[in-house]
Visitor: 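Sharing a structure with you now.
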Amino acid sequence: MHAQALKWMFDGIWDRSERYLARPVSDGEPILEARNVTVKFGEIVAVNNVSVSVRRGEILAIIGPNGAGKTSLLNVISGFYKPLSGRIIFKGMDITRMPPHKRVKLGLSRTFQHSQLFMGMSVLDNIMVGLFPWRKAGVLSFSLWLPWARKWEEYAREKAEYLIDLLELHEYRYHIVGSLSPGLQKRVDLARALVQDPEVVLMDEPMAGLTREEKEDLARAIIEVHETHGTTFVLVEHDLEVVMDIANRVIVMDSGRVIAEGRPEEVARDERVIQAYVGL
Ligand SMILES: Nc1ncnc2c1ncn2[C@@H]1O[C@H](COP(=O)(O)OP(=O)(O)O)[C@@H](O)[C@H]1O
Ligand SMILES: [Mg+2]
């Protein structure tokens with residue numbers, strides 16, 4: 001590997017570890033904004049001139065019926081889709097054209113609706129690999145023959161162990177991810193997003209397919225991370241009960257537009273929201 005690339009990699013690690021220790025407290029300032037975002041698929045307008053502002057330190061839920069445009073909006077924010085028009089601003093920077101892995105480096109991570117974990121690898125290895133989203137598993141063999149890369153491995157292991165502790169995954173540390181229940185897989189997925197030390201975590205329907213008990217465990221894990229690290233969460237979520245339990249604020253989308261916004265209890269009473277959900 002090129003020396004310059006290695007330097008950049010290690011700089012990245014130490015930068016992040018510093019942020020890890022000195023996390024800014026929640027101040028309610030906007031940390032992330034979508035401004036007038038439009039996404040089209042052929043003739044379908046999936047997201048129609050949507051503006052959303054995410055405040056630092058909040059748990060924001062985006063709800064709405066199927067096809068409302070929630071996933072499309074999240075994909076524009078994480079960089080997987082390019083919007084037809086509009087901008088994404090993160091920590092004051094215009095990141096509209098920035099590729100996903102660079103957004104991750106800046107502190108904007110996501111989990112996936114359909115888990116992208118390495119099913120044949122252990123929980124610990126899956127979390128450690130999260131430090132190198134651009135190299136995938138190759139980095140593990142690479143660390144065997146570069147002596148000073150062991151330092152990285154030590155660091156990654158320490159961080160992974162911290163997250164295993166935080167998300168109560170000790171028992172499963174050496175279990176193969178493919179053998180775990182969906183609820184545990186979601187917790188591993190969250191741990192993997194956190195190893196990159198994000199300031200904002202985007203989650204697309206994290207509760208989908210989980211039992212009531214698994215949902216409660218995952219909700220508790222999210223709250224734990226939020227409270228100990230002040231991490232900002234943006235959750236697209238179908239389960240209204242979960243949303244009412246954990247969100248500080250809710251945005252409701254329908255047919256590509258934002259139709260309501262407010263505290264969970266306000267939104268639940270909103271006539272337009274009830275209408276949109278009655279259509280389900
Ligand atoms: N990759 C795609 N290609 C074509 N149409 C898409 C694609 N993704 C989403 N859509 C369409 O865009 C609209 C919004 O979808 P989506 O963002 O997935 O909504 P939600 O997540 O709220 O269910 C839907 O009409 C959907 O069929
Ligand atoms: Mg969706």
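Note that ligands are numbered from 1 as they come in the structure, with each ligand's atoms numbered from 1 the same way.
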Visitor: For the atom pair CE (Met121) and CE (Met119), what is the distance rounded to the nearest 0.5 Å?
Guide: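 Between atom CE of Met121 and atom CE of Met119 there are 11.5 Å.
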Visitor: Among all protein heavy atoms, pick out the one at the shortest distance from atom 22 (O) of ligand 1; state its residue, atom name and that distance to 0.1 Å.
Guide: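 Of every protein heavy atom, Lys70 NZ, 2.7 Å lies nearest to atom 22 (O) of ligand 1.
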Visitor: I need the minimum non-hydrogen distance between Leu117 and Asp189, along with the two atoms involved.
Guide: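 Minimum heavy-atom contact is CD2-CA, 3.9 Å.
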Visitor: Thr38 and Asn49: side-chain donor and acceptor closer than 3.5 Å?
Guide: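 No donor-acceptor contact under 3.5 Å links the two side chains.
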Visitor: Are Lys186 and Glu214 close enough, and set up right, to give a salt bridge (charged side-chain N to carboxylate O under 4.0 Å, His left out), and what steps lead you there?
Guide: CA-CA 9 Å; Lys186 290 284 176 180; Glu214 288 174 329; over 6 Å; no
Visitor: Taking the six-membered ring of Phe80, is NZ or CZ of Arg110 closer than 6.0 Å to its centre and within 45° of its axis?
Guide: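 Satisfied, under 6.0 Å and within 45°.
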Visitor: Enumerate the atoms of ligand 1 whose separation from the nearest heavy atom of Asn66 is less than 4.0 angstrom.
Guide: 23 (O)
Visitor: Protein non-hydrogen atoms only, distance under 4.0 Å: does atom 27 (O) of ligand 1 have such a neighbour?
Guide: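 Given the 4.0 Å limit, the answer for atom 27 (O) of ligand 1 is no, no protein heavy atom qualifies.
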Visitor: May I ask you to list the atoms of ligand 1 that are less than 4.0 angstrom from any heavy atom of Tyr81?
Guide: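 Within the 4.0 Å cut-off of Tyr81, ligand 1 contributes 1 (N).
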Visitor: What is the minimum heavy-atom distance between Leu124 and Ala160, and which atoms define it?
Guide: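 Distance-wise, the nearest heavy atoms are CD1-CB, 3.8 Å.
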Visitor: Show the nearest heavy-atom pair for residues Glu161 and Arg173, with the distance to one decimal.
Guide: OE1-NE, 2.9 Å
Visitor: I need the nearest protein heavy-atom contact for atom 16 (P) of ligand 1: residue, atom name and distance, please.
Guide: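 Its nearest protein heavy-atom neighbour is Ser72 OG, 3.7 Å.
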Visitor: Considering non-hydrogen atoms of the protein only, which is the closest contact for atom 23 (O) of ligand 1, and what is the distance?
Guide: Gly67 N, 2.7 Å
Visitor: Tell me, which protein residue and heavy-atom name are nearest atom 12 (O) of ligand 1, and how many Å apart are they?
Guide: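 Nearest neighbour among protein heavy atoms for atom 12 (O) of ligand 1, to 0.1 Å: Ala46 CB, 3.3 Å.
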Visitor: Return the closest protein heavy atom for atom 25 (O) of ligand 1 as residue, atom name and distance.
Guide: Ile44 CG2, 3.8 Å
Visitor: Just by modelled atom types, is the Ser122 backbone N or O under 3.5 Å from a matching donor or acceptor in the Asn126 side chain?
Guide: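 Yes, the answer is positive, given that a donor and an acceptor are paired below the 3.5 Å cut-off.
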Visitor: Do any N/O atoms on Gly69 end up under 3.5 angstrom from N/O atoms on ligand 1?
Guide: yes
Visitor: Can you pull out the closest protein heavy atom to atom 3 (N) of ligand 1? Residue, atom name and distance to 0.1 Å, please.
Guide: Phe41 CD2, 3.5 Å
Visitor: Could you check atom 18 (O) of ligand 1 against the protein and tell me its nearest heavy-atom contact, residue, atom and distance included?
Guide: Thr71 CB, 3.8 Å
Visitor: So, Asn66 and the Mg ion (ligand 2): N/O/S under 2.8 Å, yes or no?
Guide: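 No - counting backbone and side chain alike, Asn66 has no N, O or S atom under 2.8 Å.
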